[in-house]
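Just the heavy atoms: all of them, side chains too, but no hydrogens, waters or symmetry mates, feed the values below.
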Amino acid sequence: MILVNLIVPILTCCLFLLYITLGCRFFMVKSKLPAFGLKGGLAGLVGKRRRLAVCGIVFFAVCYAAQMSAWAWSPDMLMAFNYEEAARGQNPNSTRFNESNILQRQVLEKVIERGSLSMSAEELAGFLTISTPLDAEKLDTTQESDMKISTEYWIHCSEKVSLYGTKPQEVLGFLADVYWEEFTRGYAENDDVLDLSFDELEGMEYLDVKNYLQMQANKLKNYLPGYSSESSSFRAPGSEETFASLSKKIDNFIEIELERYEAFVLENGLSANRNTYQSRMQYVNRLLDTERKKDMAAHDVRIEAIDMYDAFMTRFVLIPTYDTEQEFYMSRTKVGVDYFAEEAKELLEEATELVEKIEHNSYANGQVGISHASPDVYARADERIGELKAELVNLASQSRKLCDAYVREKRDGYIQVSFSSPSMAAGAVKAMLLTFLFTVVMSGLIILEPYYREKREGRVAIRRERKAERKQKKEEADK
C-alpha cells in the first residue's frame, strides 16, 4: 500500500518534468513559430485527439483510484471530547486538559503491547501526528474573546507503519481504546468511594458499629449532590430514582435505621468486651471534659473582653454608603465587640456539644455496666448488623447504577471516536485538476512536435555538414 500512496506524488513529479520538457522545446522552436504557423501542429493534435482522450481517462482513473485507496488505507481519526468541562480546557475532574497526553509514552507503550507491534514507542510516536481544526485559524491572542479551546483532535498515522506488519487504522483503533481507558481511570469522576468495605466491623463494639456504618453512609450521601446539582431531574432508564430521592433514602437509613439500632444496643447494654469498653468510655470522657473546659475558658475570656469594651466606642458603627442602585443608606460595620460575641457563641456551642457526648458516653457506660443481655439478644443484634450492611450495600449499588447511567447519557462516554471517510468529490476534483494539467502539457508537446522534429533534423543536418567539411579539410591536409 505504500506504493499505492506514492502513485499520485510520482505522477505529479512526472507532470513537473513534462512541463519542463515543454518549456525547453518551446524555447528551442519559438523562432520557427510565426503568428499563424501552428497549422501543422494543430492538425497533428486533431489526428491524435482520440489517443489523447484515452490517455487522459486512464490518467484520471489512476489518480482517482490511488487517492481513494490511500485514504481508505490510512484514514484520519477524529477524537471529540463530549463533556461540559472540555469547553473550558478541563478534564471531567476539573484538572487541566493536556492534548499531549494522547500520545504520551505510557499510552504508546500500551498500544504496542496490545497490538503486539514490533516497534519502539519512539518509532510509533514518529508515525503519529495530532492536530486540531483550530490550527488553521489565525487567532489573535491579544483579544480574550478570540481565544478558543478545541474539543476535537485529528490524529493521523503514517502509512509507513505498514512496514512493521500492521495497518494505520488498526494502530489508531488501539490508540483510541488505550487512551479512553487511561482517560477514564485518571481524569473521569472517581466513584471508588462507592466501593464499601466492612472488614473493620469484625470484633468492633456494638455502639461503634453504628458510627462506622454512618460514616460509610455519609460517603454515599456526600457523593450524590455533585450530580444532583447538574441534573436534579435525571432518572435512570427503567427506574424512578433520582439523585434527590436516593439521597433521601440514605438520610432515612442514617436517621431511622441506625438510630433504631443504637437505641436497641443502648437499651440492652450490649458490648463485645465490657471491661475494655467501660475503661475506654471513661478515658474518652476525660478527654472530652478537658476540651470542654478549654472552650469554656476561651468563652469566659471573650465575655470578659466584651465587658471591658467602652460603650461609647460601639456607638459609631454606622457608615454612609451607596448601594448598587446608588441609593444612600447607613451601613453598620462590625467592631471588635462583635467578633468577640461571635467567637463566644461558637465556643459555647462547641462546649454544649461536648457535654452531650459526655452524657451519651456516661449513659452507654452505665447501661453496659448493668447489662444482663442473653445470647439471643446478641444474636438479634448481629442479625440486625447484617441487615444494615446489606441495605447499605444495596444503596451503594443503586448509587453506582444511577451515576453510571448519568455519565453514559449526559457525558456520552466522554470521548467519541470516528474515522474520516474518503471524500469522493475532493478526490475527483484533484484528479480532474491533475488530468487537466496532463492534457495541457501533452497537447503542447503534440503541437510543438513537428517544429521540434524539424529543428532537431536541421541540427542533425548541420552537424553532418560540419562533420563532412572537417573530413574534407582533413583529407586535403593529408594530401
Is it true that [X] and [Y] have a side-chain N and a carboxylate O under 4.0 angstrom from each other?
| X | Y | answer |
| --- | --- | --- |
| Glu342 | Lys345 | no |
| Asp289 | Arg286 | no |
| Asp208 | Arg280 | yes |
| Arg384 | Glu257 | yes |
| Lys110 | Glu181 | no |
| Arg105 | Glu122 | yes |
| Glu259 | Lys210 | yes |

Keeping [X] on the side-chain end and [Y] on the backbone end, is there a donor-acceptor pair under 3.5 Å?
| X | Y | value |
| --- | --- | --- |
| Ser399 | Leu395 | yes |
| Asn268 | Leu270 | no |
| Glu205 | Ser271 | no |
| Ser245 | Glu241 | no |
| Thr184 | Trp180 | yes |
| Asn218 | Gln214 | yes |
| Arg274 | Ser371 | yes |

Spacing of [X] atom [atom1] and [Y] atom [atom2] [to the nearest 0.5 Å]:
| X | Y | atom1 | atom2 | result |
| --- | --- | --- | --- | --- |
| Glu349 | Asp295 | CD | CG | 11.0 Å |
| Glu109 | Gln104 | CD | CD | 9.5 Å |
| Ile155 | Tyr179 | CD1 | OH | 8.5 Å |
| Asp76 | Leu172 | CG | CG | 8.0 Å |
| Ile256 | Asp251 | CD1 | CG | 9.5 Å |
| Gln169 | Met77 | CD | CE | 10.0 Å |

| task | Using a cut-off of 6.0 Å, state whether more than 12 heavy atoms not belonging to Tyr212 lie near its atom OH. | result |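 Yes, the 6.0 Å shell around OH holds more than 12 heavy atoms from other groups.
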| request: Check whether more than 12 heavy atoms from other residues, nucleotides or ligands sit under 6.0 Å from atom NZ of Lys219, and answer yes or no. | output: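 More than 12 heavy atoms, drawn from other residues, nucleotides or ligands, come within 6.0 Å of this atom.
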| Can you name the residues that form a salt bridge (Lys or Arg N to Asp or Glu O under 4.0 Å) with Arg380, not counting sequence neighbours? |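 Counting only residues at least two positions away or on another chain, Arg380 forms no salt bridge (Lys or Arg N to Asp or Glu O under 4.0 Å).
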Quick one: list whatever passes ring-ring contact (aromatic ring centres under 6.0 Å, His included) with [X], sequence neighbours left out.
| X | answer |
| --- | --- |
| Tyr164 | Phe127 |
| Phe198 | none |
| Tyr206 | Tyr378 |
| Phe97 | Phe81, Tyr153 |

| request: For a side chain to side chain contact (heavy atoms under 4.5 Å, CB included) with Val161, tell me which candidate from Met119, Glu170, Lys167, Glu123 qualifies. | output: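 Of Met119, Glu170, Lys167, Glu123, side chain to side chain contact (heavy atoms under 4.5 Å, CB included) with Val161 is met by Met119 alone.
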| query | Per the side chain to side chain contact (heavy atoms under 4.5 Å, CB included) rule, which among Val209, Ile385, Asn211 passes with Met204? | reply | Val209
| note | Taken in chain and number order and not counting sequence neighbours, the residues that satisfy side chain to side chain contact (heavy atoms under 4.5 Å, CB included) with Thr276 are Asn273
Looking only at the side chains, is there a donor atom on one of [X] and [Y] sitting less than 3.5 Å from an acceptor on the other?
| X | Y | answer |
| --- | --- | --- |
| His360 | Glu262 | yes |
| Tyr363 | Glu359 | no |
| Asp376 | Ser374 | no |

| query | Are Asn82 and Ile415 side-chain neighbours, meaning at least one heavy-atom pair lies under 4.5 Å? | reply |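 Heavy-atom side-chain distance check fails, nothing below 4.5 Å.
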| query | Quick one: does Phe438's side chain get under 4.5 Å of Cys14's, heavy atoms only? | reply |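 Not in contact.
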| message | Checking Gln106 against Asn101 for the side chain to side chain contact (heavy atoms under 4.5 Å, CB included) test, could you report, in this order, the C-alpha distance in whole Å, the side-chain angles of both residues, the deciding distance, and whether it holds? | response | CA-CA 9 Å; Gln106 178 182 355; Asn101 290 338; over 6 Å; no
| request: Mind listing the closest non-hydrogen atom pair of Leu103 and Leu108 along with its distance? | output: O-CD1, 3.6 Å
